[in-house]
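Down below is the structure, laid out as structure tokens.
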Amino acid sequence: MTMDRRDRPLVWLHGEVKTPPFSQAARLEAGYLLRLLQQGESLGLPHSRPMPAIGPRCHELRINDEAGTFRVIYRADTDAVVILDVFLKKTQQTPQSDIAACKRRVHEYDRIDEVGE
């Protein structure tokens, strides 16, 4: 699949999707879902859910794998899909430290974006 010039780029601020720790199937699913986001698709449950605790337009992708459930925290901007974090979720609730780190990354990204304009 080639990238269309109207597609939004992925901006990776933290984390990566690779095997290991992702299985090949989970890595392919993550890639497929991220590609849909690049094309402007709006994903809902069970694949994605809003994360208002992080900020507007922030969501988490849920990728089930044999090792557990991976999360890809992202923000869907009009000009990019910003990847804030990738991790294996081990508890029911997202740890506050992960939420705080994602909020910090969003703030830093927005500050850099404002300076660049």
Side-chain angles (χ1 to χ4, degrees):
M1 224 187 273
T2 60
M3 193 163 152
D4 187 294
R5 60 190 177 122
R6 294 173 303 227
D7 290 348
R8 298 181 283 184
L10 296 176
V11 177
W12 292 85
L13 299 184
H14 191 266
E16 58 189 354
V17 175
K18 68 177 191 166
T19 301
F22 283 73
S23 68
Q24 182 179 3
R27 191 187 78 234
L28 290 172
E29 181 180 354
Y32 173 74
L33 294 172
L34 289 169
R35 185 74 181 108
L36 290 176
L37 292 170
Q38 284 183 281
Q39 294 172 336
E41 294 281 331
S42 180
L43 302 177
L45 289 171
H47 300 296
S48 181
R49 85 171 177 94
M51 293 289 290
I54 296 171
R57 302 179 317 282
C58 292
H59 305 265
E60 68 174 7
L61 285 181
R62 300 165 165 207
I63 296 107
N64 292 318
D65 195 14
E66 42 202 53
T69 302
F70 285 96
R71 298 294 199 249
V72 177
I73 308 295
Y74 69 95
R75 185 173 76 178
D77 288 352
T78 56
D79 62 340
V81 178
V82 183
I83 309 300
L84 304 171
D85 205 353
V86 179
F87 58 90
L88 180 63
K89 190 163 181 187
K90 297 178 182 178
T91 61
Q92 196 67 352
Q93 259 190 321
T94 303
Q96 285 301 312
S97 59
D98 289 335
I99 290 173
C102 288
K103 287 170 103 169
R104 186 184 71 251
R105 290 181 191 117
V106 164
H107 178 72
E108 290 169 0
Y109 177 78
D110 288 343
R111 215 174 70 228
I112 290 169
D113 195 37
E114 289 172 1
V115 170
E117 290 179 352

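What's counted below: heavy atoms across the whole structure, side chains too, no hydrogens, waters or symmetry copies.
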Kindly determine whether Met51 and Thr94 satisfy side-chain contact (heavy atoms from CB on, under 4.5 Å), including the steps that lead there.
CA-CA 10 Å; Met51 293 289 290; Thr94 303; 3.9 Å; yes

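- Interatomic distance, CD1 of Ile63 versus OG1 of Thr69, reported as 9.5 Å (0.5 Å rounding).
- Atom-to-atom distance recorded for Glu60:CD and Ile54:CD1 is 7.5 Å, nearest 0.5 angstrom.
- With rounding to the nearest 0.5 angstrom, the OG atom of Ser48 is 10.0 Å from the CZ atom of Arg71.
- For the pair Asn64 and Ala26, the tightest heavy-atom approach, listed with the atom from each and the gap, is O-CB, 4.3 Å.
- Across every non-hydrogen atom of Gln38 and Pro9, the tightest pair is NE2-CA, 4.0 Å.
- Taken to the nearest 0.5 Å, the CD1 atom of Ile73 stands 10.5 Å off from the NE2 atom of His59.
- Closest approach of Lys103 and Ala53 over heavy atoms only: CE-O, 3.3 Å.
- Shortest non-hydrogen contact noted between Arg62 and Glu29 is O-OE2, 4.2 Å.
- Exactly one of Asp85, Leu84, Leu61 qualifies for a side chain to side chain contact (heavy atoms under 4.5 Å, CB included) with Val72. That residue is Leu61.
- Asp65 and Arg27 are not joined by a salt bridge, as no carboxylate oxygen comes within less than 4.0 angstrom of a charged side-chain nitrogen.
- Under the 4.5 Å side-chain heavy-atom criterion for Ile, Leu, Val, Met, Phe, Trp and Tyr, Phe70 and Trp12 are members of the same hydrophobic cluster.
- The line from CG of Asp7 to CG of Leu36 is 10.5 Å long, rounded to the nearest 0.5 Å.
- Counting heavy atoms from C-beta on, the side chains of His107 and Asp110 never come closer than 4.5 Å.
- Nearest heavy-atom pair, Cys58 versus Val106, reported as atom, atom and distance to 0.1 Å: SG-CG2, 4.3 Å.
- The hydrophobic clustering, which links ILVMFWY residues whose side-chain heavy atoms are closer than 4.5 Å, places Leu34 and Tyr32 together.
- The CZ atom of Arg104 sits 8.5 Å away from the NE2 atom of His14 when rounded to the nearest 0.5 Å.
- Pairing each heavy atom of Phe22 with each of Glu16, the nearest pair is CE1-O, 4.0 Å.
- Hydrophobic cluster membership differs between Leu28 and Tyr74, with clusters built from Ile, Leu, Val, Met, Phe, Trp and Tyr side chains linked at under 4.5 angstrom.
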